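In what follows, chains carry the letters A, B, and so on, assigned in the order in which the sequence lines appear, proteins first and then strands, with residues in each chain numbered from 1. The shown structure was predicted, so the numbers you read here are calculated from the model rather than taken from an experiment.
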Amino acid sequence: MQIAENDDFGSEEITLFADLILPVPVAQLFTYRVPRVINPFIKNGARVVVPFGKNRVVTGVVAKIHQTPPTKYQARYIAELLDDEPLVTPYQIELFHWIADYYLCTVGEVLNVALPSGLKITSQSKIQYNPDFEYYDLLTEEEANLLEEIKKYQSLTYEEVEKRVGATNINHIIKSLIGKRAIILFEEVKEKYKPKVLKKVKLNGRFETRENLMELIAQLDKFPKQQEIIMSYVSQVPIQNVPYSNRAGLEKSFFTQNEAFSDSALSTLIKKGTLEEFEVTVSRFADVAPDFSEGTNIHLTTAQQRAFDEIITQFQSKDTVLLHGVTGSGKTEVYINLAQQVLASGSQVLFLLPEIALTTQIVVRLKKVFGDKLGIYHSKFSDNERVEVWKGVVSGQFQLVVGVRSAIFLPFDSLGLIIVDEEHESSYKQYDPAPRYHARDVAIVAAQRQQAKVLLGSATPALESYYQALNGRYGFVQLLERYGKANLPEFVLIDTKKERKSKKMKFEFSSVLINELQEALNRNEQSIVFQNRRGYSSYLQCEECGWIGECENCAVSLTYHQKDAELRCHYCGHKEKVPKLCPGCSSTKVRTVGFGTEKLEDQLKIFFPTARIARMDLDTTRAKNAYKEMIEDIEQGNVDILVGTQMISKGLDFENVSTVGVFDADRMIHFPDLRSAERAFQLITQVSGRAGRRADRKGRVLIQTGNPSQKILQKIITNDYIGMYEEEIKERENFKYPPFTRLIKLTVKHFDQTTALQSAQKLTQLLLEKMGEDRVLGPQPPLVERIRNRFLFDILIKLEREKVNFRAAKAFILEKVTDILTDKTLKGTDVTIDVDCL
DNA sequence: TCCTGGGTCCAA
DNA sequence: TGGACCCAGGAT
């Protein structure tokens, strides 16, 4: 830290205070006094270390610096400043506050999801020997013994102390040692981020001249192993022709990982100084090199160009534009051109995608165009990788970031454009830990604050977005022509009831579908089979007594996974072995009911024994690169039939896929949820979009259903988005659902069912007093009424957009929820608040 | 009498 | 959230 002389801050005299965000779930900032020596250096967004409570030390982020001393208490001093440059930008602090405020959570919680854990401000207590301690006479024998143990280690947690010493009940000794200042309690605050370093070796500079090098080699005649190493170094590094190349050296692993070289000879050379060892910091993303061979200017078709121009025009009067483009219309090219234009103007671009692993193909294309400027932010990335993207955005290395919903929290300072692709996707909404935010909505707010524009793109927009586009709040651009004149696929509805009657069904497959798959195989084309349920079958049931395998923690049936002969709960992850006999009546007639991807895969292997069949779902893609490898396999034509869950519905682009089979459409349509029809439309349209992406042949989509005359299916097969929209929006209006209202869902949880219900009822009562029966619905048990042993009750609050003051209503709700949480007769009750829960 | 577990409160 | 502090009840 350099001390500025003559800075005009006038720092020496002023007393500053800092309001800090601390990692505690308390909805307030904490004011600390800034020591004068760091006055010139402290900045909003920097991390600091502060004492908190009696014996604790925590890290926090500076949210505000001011000169107003607190009146009700004495501010304590900040202990240490961790960052010279702010880690969090002022823009981010504002955005975090907005999110906390809007979604009813604490800023600390927002910070928790926003920061990669390598930068996070955690607080895990550790104890450490106090090196300044000298009053040994004050210690009891017990204390002295324990202190000796603790001295041996750098630092220990409470549990570690117990383990090392092999005794329990030592907390009181630790406590008294702390009291006597023999040991100190501290929170781990050091940065966990480790840059990736590469160990390299280079030849001592002396040998860069030809004569010296020859002489060295001659000298090593007596040490053939060492000579061999030098010779291969010279052959790898063209030191004689390009002397400069020696500076870059050669990776040490080149020698250590090749058995032909002797490790001891290498270390001797290093010890003698003939070779010098050094380390370089490398980016974890260095392996994907930019490829300009295709040129950066992607040529747009006439239709794409028109959409592009319209978007630019609309941006002049609107901050948000919705691009409605059918599947395969080439929205990506439009995005890329827009991004290039924004980047050229010097602004940053954020490109949001749902679950990025699912769209590696897009990432590869972006990487080709944008090269090193592109940062990738993804949930499967390690923490260090995320910290690198974070720092890359701060340093300006990444002008463009493609990422999942949490990428919205990155420290941009001059955003020009946010693209939200597949904006209708539900994975943009975070459900479980707070903040329960929607990345698309946060993107719109974030853009406003940076004077940036937002482009929402989808083949099947969310009803809310389409509504805003029609009523003029958003700009609206359509791209209704497939890229390269490819046709939209042809749809066939297969009546499974009829087929079953005439005994044409083979297991879950209709004869029509089997024939089409066979024909596709004959033509050497690829097929996709879609079933939005993983595992082997839905559940196990006993034919004799009706027993069904259920989770012991949640109110759901267990899914049968044949591969591991296991029953698994898809809610809490509970696993158990498949029982040999029915646990209810010891009968052997336990059968599987329903079907998932695993079962379809098995059946396909029976129908088409020679076909190459692959399955893509959560179970087969857990490993970091499994997804990527599978995609490459399909691209190279090593797969004939791909079975998968919704994972295969998004953004994949395989030219050779001609046939798509859709199973269980009825379950999607009749799922008891307000959005089921909209979701079914979106999902089936998205999957069908995988078919027939070539101009020279038409794809076929076969949908198996028990009732082909359902309205929504007709809309799907005629690709009638607008028809679907009109139907659904009418319902929304009738029943007062978004976009005509805003919904807030309160979930009341308790281990005891009666108390859960009591709490929920009491909360409902409190809310009804002011809000009225039209606005408060419930309490009712949700679809899955018990999760991880806790009973749930939902209360749904509907607020009209015009009539209700949203802020005031939320404040009221928060107040009543707090009443319940602090009610002593309802101990153990937990309530979560989900704003805009749909 | 000491120890432990549970509950409550509070942090600047 | 974590920890300090207090109280009650069990082990010693």
Give a yes or no answer on whether the side chain of Gln430(A) reaches the backbone of Pro433(A) with a donor-acceptor pair at less than 3.5 Å.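 Indeed, once roles are kept as given, a pair shorter than 3.5 Å links the two residues.
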Partner residues of Tyr431(A) under the ring pair (Phe, Tyr, Trp, His ring centres under 6.0 Å) criterion, sequence neighbours left out: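 Ring pair (Phe, Tyr, Trp, His ring centres under 6.0 Å) check on Tyr431(A) returns nothing, list empty.
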Any luck finding a side-chain donor-acceptor pair between Asp836(A) and Tyr102(A) under 3.5 Å? yes
Hydrogens and angles aside, do Arg36(A) and Thr15(A) bring a side-chain donor and acceptor to less than 3.5 Å of each other? yes
Taking Asp834(A) as the fixed residue, which of Lys429(A), Lys745(A), Arg436(A) is the one that meets the salt bridge (Lys or Arg N to Asp or Glu O under 4.0 Å) rule?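 Of the listed options, the one satisfying the test is Lys429(A).
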Only one of Arg47(A), Lys43(A), Lys391(A) passes salt bridge (Lys or Arg N to Asp or Glu O under 4.0 Å) with Glu85(A), and that residue is Lys43(A)
What's the CG-P distance between Leu22(A) and dG3(C), to the nearest Å? 15 Å
Can you tell me how far C1' of dT1(C) sits from CG of Leu111(A), to the nearest Å? 15 Å
Distances under 3.5 Å between protein N/O atoms and the N/O atoms of nucleotides 6-8 of chain C, please, pair by pair.
none

Interface polar pairs with nucleotides 5-11 of chain B, N/O, under 3.5 angstrom:
none

Determine whether the aromatic ring centres of residues Phe409(A) and Tyr437(A) are separated by less than 6.0 angstrom.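 Ring centroids of Tyr437(A) and Phe409(A) are less than 6.0 Å from each other.
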Where do Asp619(A) and Arg568(A) land on the salt bridge (charged side-chain N to carboxylate O under 4.0 Å, His left out) test, with the steps shown first? CA-CA 12 Å; Asp619(A) 297 308; Arg568(A) 281 188 220 157; 3.2 Å; yes
